[in-house]
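These notes are about the structure you will find just below.
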Amino acid sequence: MAFLMKSMLSNQVKNLGLGGGGEENKEESTPSDPAAAAGMTREEYEEYQKQMVEEKMERDAAFAQKKAERAVLRVHLREKYRLPKSELDENQIQMAGDDVGLPEDLQKMVAEDQEEEEDKDSILGQLQNIQNMDMDAIKEKAQATFTEMKQAAEQKCSMM
């Protein structure tokens, strides 16, 4: 009896347009072919899919290249400051290939840093550092060190 009532009421509700009757029509009217759903022919849709795949591959390659460039920079900084190496960076560089290098901006910065370090290490750089030193402070430090060594020697040696 409940089944009969339920089926009668559901049919009446569907006829009024308030129930799920509209859903069945929507499902039937939706095309099963994705090309038709996008409003294209089958060939256009396949070409579109190929373009999408190619664009995704290009984006992935560019992303991998950028990751590798960052890894090269980190490797360079680790070498410069004598920090431990990272296998993750080395793996990213290998995945991108051998053509990975520092971006031009970073290459200029690295070159400037190397020039500054070379200038500091050269004889002229050392001479400039000597001019900037406070000679009185150096003399005082040398005298203090000499007196400390003399006192240590006197304590250890009974002849002095």
Starting at CD of Q94, measure out to CD of E87 and round the result to the nearest 0.5 Å. 10.0 Å

Same cluster or not: are Y81 and V72 linked, directly or through other Ile, Leu, Val, Met, Phe, Trp or Tyr residues, by side-chain heavy atoms under 4.5 angstrom apart? yes

Do F63 and L73 belong to the same hydrophobic cluster, where Ile, Leu, Val, Met, Phe, Trp and Tyr are linked whenever their side-chain heavy atoms lie under 4.5 Å apart, directly or via other members? no

If you compare all heavy atoms of A68 against all heavy atoms of Q92, which two are closest, and at what distance to 0.1 Å? CB-O, 3.8 Å

List in chain and number order the residues that pass side-chain contact (heavy atoms from CB on, under 4.5 Å) with E90, two or more places apart in sequence or in another chain; answer none if no residue qualifies. K85

Residue list, side-chain contact (heavy atoms from CB on, under 4.5 Å) with E55, at least two apart or on another chain: M52, R59

Using the test salt bridge (Lys or Arg N to Asp or Glu O under 4.0 Å), find all partners of R74 that sit at least two apart in sequence or belong to another chain. D89

Apart from V53 itself, which Ile, Leu, Val, Met, Phe, Trp or Tyr residues share its cluster (side-chain heavy atoms under 4.5 Å, direct or through members)? M57

May I have the list of side-chain donor-acceptor pairs in residues 37-48 shorter than 3.5 Å, sequence neighbours left out?
residue	atom	partner	partner atom	Å
T41	OG1	E44	N	3.3
R42	NH1	D33	OD1	3.1
E44	OE1	T41	N	3.1
Y45	OH	Q49	NE2	3.1

So, using side-chain contact (heavy atoms from CB on, under 4.5 Å) as the criterion, who are the partners of K108 when residues are at least two apart? none

Holding to side-chain contact (heavy atoms from CB on, under 4.5 Å), I want the full list of residues that pass it with R82, two or more places apart in sequence or in another chain. none

The salt bridge (Lys or Arg N to Asp or Glu O under 4.0 Å) partners of K80 (sequence neighbours excluded) come to D113, E117

Begin from the C-alpha positions of L77 and L83 and carry the test side-chain contact (heavy atoms from CB on, under 4.5 Å) through to its verdict. CA-CA 8 Å; L77 291 174; L83 298 173; over 6 Å; no

Measuring from I93:CD1 to R70:CZ, what's the distance to the nearest 0.5 Å? 13.0 Å

Checking K139 now: which residues fulfil salt bridge (Lys or Arg N to Asp or Glu O under 4.0 Å) with it, not counting sequence neighbours? none

Across all chains, not counting sequence neighbours, the salt bridge (Lys or Arg N to Asp or Glu O under 4.0 Å) partners of D105 are none

